[in-house]
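Step one of this worksheet: look at the structure below.
Start at 1 with the first residue, then count along the sequence. Order of appearance sets the numbers: ligands from 1, and atoms from 1 within every ligand.
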Amino acid sequence: TQSTRPQRILSAVQKNATRGDPRSVIRAIDQFCSQKEWAMNVGNEKGCILDSVVSEVNPATVLELGTYCGYSTVRIASLLPPYAKFITLEFNPDFAAVARQVIAWAGLEDKVQLVEGASSDWIPKIKEQFGIKTFDLVFLDHWKEHYLSDTKLMEECGLLRKGSVLLADNVICPGAPDYVEYVRSSPRYKSHYFRSHLEYTKAEDGLEKSVFLE
Ligand SMILES: C[C@H](C[C@H]1O[C@@H](n2cnc3c(N)ncnc32)[C@H](O)[C@@H]1O)NC(=O)c1cc(-c2ccc(F)cc2)cc(O)c1O
Ligand SMILES: [Mg+2]
């Protein structure tokens with residue numbers, strides 16, 4: 001049977017990356033997606049911006065919405081302090097299965113909790129299920145139409161505290177116009193746009209960093 005693109009990404013990691021070396025896993029995926037097949041990983045250019053925000057926040061608690069193959073999961077987990085708690089939510093079981101293996105190849109399976117299911121189902125349960133009070137950092141990279149509703153849900157569930165940082169991928173392409181309008185106009189957020197490019201292309205895209213002020 002035909003392999004899927006995530007399975008081909010996993011094969012490229014297992015062939016070209018060194019077990020236990022997160023940077024080699026990132027490099028293997030970026031080389032595969034630049035030279036062989038485009039895929040919707042955050043990529044290296046936006047990935048470096050992600051790295052700088054993670055390092056600046058130095059979060060004890062992180063939530064990622066939309067794991068896909070685990071590329072950004074590996075970037076984030078490789079920068080976390082040892083005590084950090086990191087939850088990543090993935091809706092698609094096939095993508096989750098690949099992501100688990102990519103995260104394991106990087107040797108980061110003990111740093112990340114990959115939870116299968118929809119963000120809107122899981123966000124209300126996180127406090128009780130994982131013993132997390134609030135998130136220091138949230139990386140939004142799932143369905144772009146859910147960025148805003150899930151942000152409001154996180155607010156309602158008390159998962160954000162004064163200073164929590166939201167970092168959203170794909171502000172331009174595919175775009176999340178209602179989310180961007182909200183975080184830029186709301187007095188409860190201080191937002192900044194990091195201009196970049198859509199992964200592996202010359203098209204414009206960027207990340208929106210929003211600090212919760214409430
Ligand atoms: C949405 C995907 C990323 C993943 O998110 C999971 N997901 C979804 N909804 C939920 C949920 N509610 N809860 C948990 N997980 C969830 C899914 O299964 C994917 O694995 N990302 C994108 O579609 C995406 C697309 C593009 C893109 C850009 C230009 C083009 F011409 C074509 C595509 C670029 C990007 O950088 C993306 O990130
Ligand atoms: Mg994305």
Of all the atoms in Asn41, is at least one N, O or S atom closer to the Mg ion (ligand 2) than 2.8 Å? no

Just checking, any donor-acceptor pair under 3.5 angstrom between side chains of Asp150 and Ser119? yes

Return the minimal non-hydrogen interatomic distance between Leu160 and Glu155, and the atom names on each side. CD1-CG, 3.9 Å

Please report, to 10°, the angle around the Mg ion (ligand 2) from atom OD1 (Asn170) across to atom OD2 (Asp169). 90°

Has Arg100 got its NZ or CZ under 6.0 Å from the middle of the six-membered ring of Phe95, at an angle within 45 degrees of the ring axis? no

Single hit among Val171, Val180, Val183, Asp169 for side-chain contact (heavy atoms from CB on, under 4.5 Å) with Tyr147: Asp169

Could you check whether Asp30 and Tyr200, counting side-chain N and O atoms only, form a donor-acceptor pair closer than 3.5 Å? yes

So, 2.8 Å as the limit: is an N/O/S atom of Asp141 located closer than that to the Mg ion (ligand 2)? yes

Lys NZ or Arg CZ of Lys152 over Tyr182 ring: under 6.0 Å, within 45°: yes

Atom of Thr18, atom of Ser24 and distance for their closest heavy-atom approach: N-OG, 2.9 Å

Can you work out which protein residues put a heavy atom within less than 4.0 Å of ligand 1? Trp38, Met40, Gly66, Tyr68, Leu89, Glu90, Phe91, Asn92, Phe95, Gly117, Ala118, Ser119, Asp141, His142, Trp143, Lys144, His146, Asp169, Asn170, Cys173, Pro174, Leu198, Glu199

